[in-house]
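Counting starts at 1 for both ligands and their atoms, following the listed order. Just so it is clear, the model here is predicted, and its values are computed rather than measured. Residues take their numbers from the sequence shown, with the count starting at 1.
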Amino acid sequence: MTDAITVAQAQEYDHYTMEEVGIPSLVLMERAALACYRDILTGPFDLSRILVVAGSGNNGGDGVAVARLLRIHGLNVRLMLVGQPDHATEQTKQQLKIAAHYQTPMTTETADIEHATLVVDGIFGVGLSRPVEGHYATIIHQINEVDAPVFAIDVPSGINADTGDVLGVALTARMTTTMGYRKIGFETTSGRQHVGQLHVADIGVYAPSPLIPSK
Ligand SMILES: NC(=O)C1=CN([C@@H]2O[C@H](COP(=O)(O)OP(=O)(O)OC[C@H]3O[C@@H](n4cnc5c(N)ncnc54)[C@H](O)[C@@H]3O)[C@@H](O)[C@H]2O)[C@H](O)CC1
Ligand SMILES: [K+]
């Protein structure tokens with residue numbers, strides 16, 4: 001089994017893959033979304049009412065892409081944005097444009113959290129850098145209070161992927177599909193409790209190594 005990595009390594013490998021290898025960010029995002037989509041469809045989930053919750057960073061971009069894929073598949077999915085769309089990354093803005101093309105239903109209704117049979121967590125990934133507060137914390141508390149299981153994209157939101165610690169408040173996932181490599185924080189007691197069943201998705205991001213040409 002390959003070694004677990006840190007957030008800094010994940011970001012370094014991501015950057016290397018895009019800047020040195022030349023694979024565009026949206027290609028990596030699509031591969032990440034397809035891996036999550038596959039794990040959701042094959043997982044132990046009731047897919048009758050899916051709520052995807054997306055932040056404004058690229059974890060949110062992954063989430064928006066997952067919502068679009070589920071919509072195209074004909075599933076009852078709604079997309080809830082918890083970040084400011086105009087503050088979103090360029091990749092997430094592009095994913096919102098694509099999702100709109102396929103008329104992916106959007107919602108701001110708390111009732112959709114209560115009625116969900118599955119919540120897909122695209123709020124924060126490896127970019128979480130400070131304790132969760134405010135509206136983000138409210139949404140995470142609301143999700144934690146309902147019975148629906150959580151599928152986490154890359155990192156359960158609120159978890160520090162280097163330590164497994166809860167930063168303010170965090171989601172507890174039934175399943176997490178993380179990109180490329182396990183994260184060292186997932187191996188701690190808190191990390192294991194919040195990650196649930198862990199899948200590691202090969203999305204074409206690799207550590208620079210002698211086996212893989214470096215510059
Ligand atoms: N690893 C890969 O090869 C790929 C990963 N992908 C996905 O990208 C995210 C990382 O995206 P990033 O934009 O860097 O950050 P996040 O989306 O995790 O966080 C969003 C954003 O939120 C801000 N922020 C941090 N802490 C807080 C806080 N407590 N409250 C409010 N806002 C906060 C900060 O500015 C962050 O930028 C990774 O996890 C994957 O899901 C790619 O899609 C594919 C390749
Ligand atoms: K997440």
Side-chain angles (χ1 to χ4, degrees), residues 4-21 23-37 39-40 51-67 80-85 87-95 119-140 143-144 150-162 165-183 185-186 191 194-196 198-208:
I5 64 172
T6 64
V7 166
Q9 283 174 304
Q11 292 168 332
E12 178 204 341
Y13 301 169
D14 205 4
H15 184 265
Y16 171 79
T17 303
M18 293 186 290
E19 303 308 320
E20 294 296 321
V21 179
I23 300 178
S25 175
L26 281 178
V27 169
L28 298 178
M29 186 171 274
E30 195 72 12
R31 288 188 67 175
L34 286 164
C36 292
Y37 167 69
D39 291 343
I40 288 166
L51 178 68
V52 178
V53 188
S56 55
N58 284 347
N59 192 246
D62 290 351
V64 174
V66 169
M80 176 182 282
L81 298 181
V82 285
Q84 303 291 329
H87 294 169
T89 61
E90 286 314 306
Q91 296 91 327
T92 300
K93 285 177 181 170
Q94 181 66 16
Q95 292 297 347
V119 176
V120 177
D121 162 26
I123 304 172
F124 297 122
V126 292
L128 183 71
S129 58
R130 57 189 186 275
V132 178
E133 296 167 339
H135 181 54
Y136 290 99
T138 302
I139 293 291
I140 289 176
I143 296 169
N144 279 338
V150 172
F151 174 93
I153 299 173
D154 203 27
V155 185
S157 291
I159 291 296
N160 176 332
D162 280 340
D165 293 342
V166 174
L167 283 177
V169 62
L171 289 174
T172 298
R174 168 68 182 74
M175 180 183 291
T176 298
T177 292
T178 197
M179 309 312 157
Y181 299 81
R182 290 172 297 119
K183 307 310 185 283
F186 295 178
H194 289 87
V195 161
L198 179 62
H199 290 221
V200 182
D202 177 0
I203 64 167
V205 173
Y206 311 111

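- Across Val132 and Ala137, no two heavy atoms sit closer than the pair CG1-N, 3.6 Å.
- Contact annotation: the side chain of Val21 approaches that of Tyr16 to within less than 4.5 Å [non-hydrogen atoms, C-beta and beyond].
- Between Lys183 and Val7 the shortest side-chain heavy-atom distance does not fall below 4.5 Å.
- When side chains are defined from C-beta on, Leu26 counts as touching Gln95, because their heavy atoms get closer than 4.5 Å.
- Residues Arg31 and Asp202 form a side-chain contact, since some pair of their non-hydrogen atoms from C-beta on lies under 4.5 Å apart.
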Could you go through ligand 1 and note, for every N or O atom, any protein N or O atom closer than 3.5 angstrom, writing the atom names and distance to 0.1 Å, or 'none'?
residue  : atom   : partner : partner atom : Å
ligand 1 : 3 (O)  : Asp14   : OD1          : 3.1
ligand 1 : 13 (O) : Asn58   : N            : 2.9
ligand 1 : 17 (O) : Asn58   : N            : 3.3
ligand 1 : 17 (O) : Asn59   : N            : 3.0
ligand 1 : 18 (O) : Gly125  : N            : 2.7
ligand 1 : 18 (O) : Gly127  : N            : 2.9
ligand 1 : 26 (N) : Ser129  : N            : 3.1
ligand 1 : 29 (N) : Arg130  : O            : 2.8
ligand 1 : 29 (N) : Pro131  : O            : 3.2
ligand 1 : 32 (N) : Arg130  : NH2          : 3.4
ligand 1 : 39 (O) : Val126  : N            : 3.0
ligand 1 : 39 (O) : Asp154  : OD2          : 2.7
ligand 1 : 41 (O) : Asn59   : ND2          : 2.8
ligand 1 : 41 (O) : Asp62   : OD2          : 2.7
ligand 1 : 43 (O) : Asp62   : OD1          : 2.6
ligand 1 : 43 (O) : Asp62   : OD2          : 3.3

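- Counting heavy atoms from C-beta outward, Arg174 and Val150 have side chains that stay 4.5 Å or more apart.
- Within a radius of less than 3.4 Å around the K ion (ligand 2), the protein N, O or S atoms are Asn59 OD1, Asp121 O, Asp121 OD1, Asp121 OD2, Phe124 O, Ile153 O, Val155 O, Ser157 OG.
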Could you pull out every donor-acceptor pair under 3.5 Å between side chains of residues 152-161 and any protein atom, sequence neighbours left out?
residue : atom : partner : partner atom : Å
Asp154  : OD1  : Thr178  : OG1          : 2.8
Asp154  : OD1  : Met179  : N            : 2.8
Ser157  : OG   : Asp121  : OD1          : 2.5
Ser157  : OG   : Asp121  : OD2          : 3.1
Ser157  : OG   : Phe124  : N            : 2.8
Ser157  : OG   : Phe124  : O            : 3.2
Asn160  : OD1  : Asp162  : N            : 2.7
Asn160  : OD1  : Thr163  : N            : 3.3

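- Phe186 meets the ring-ring contact (aromatic ring centres under 6.0 Å, His included) test with no other residue; sequence neighbours excluded.
- When side chains are defined from C-beta on, Phe151 does not count as touching Val66, because their heavy atoms never get closer than 4.5 Å.
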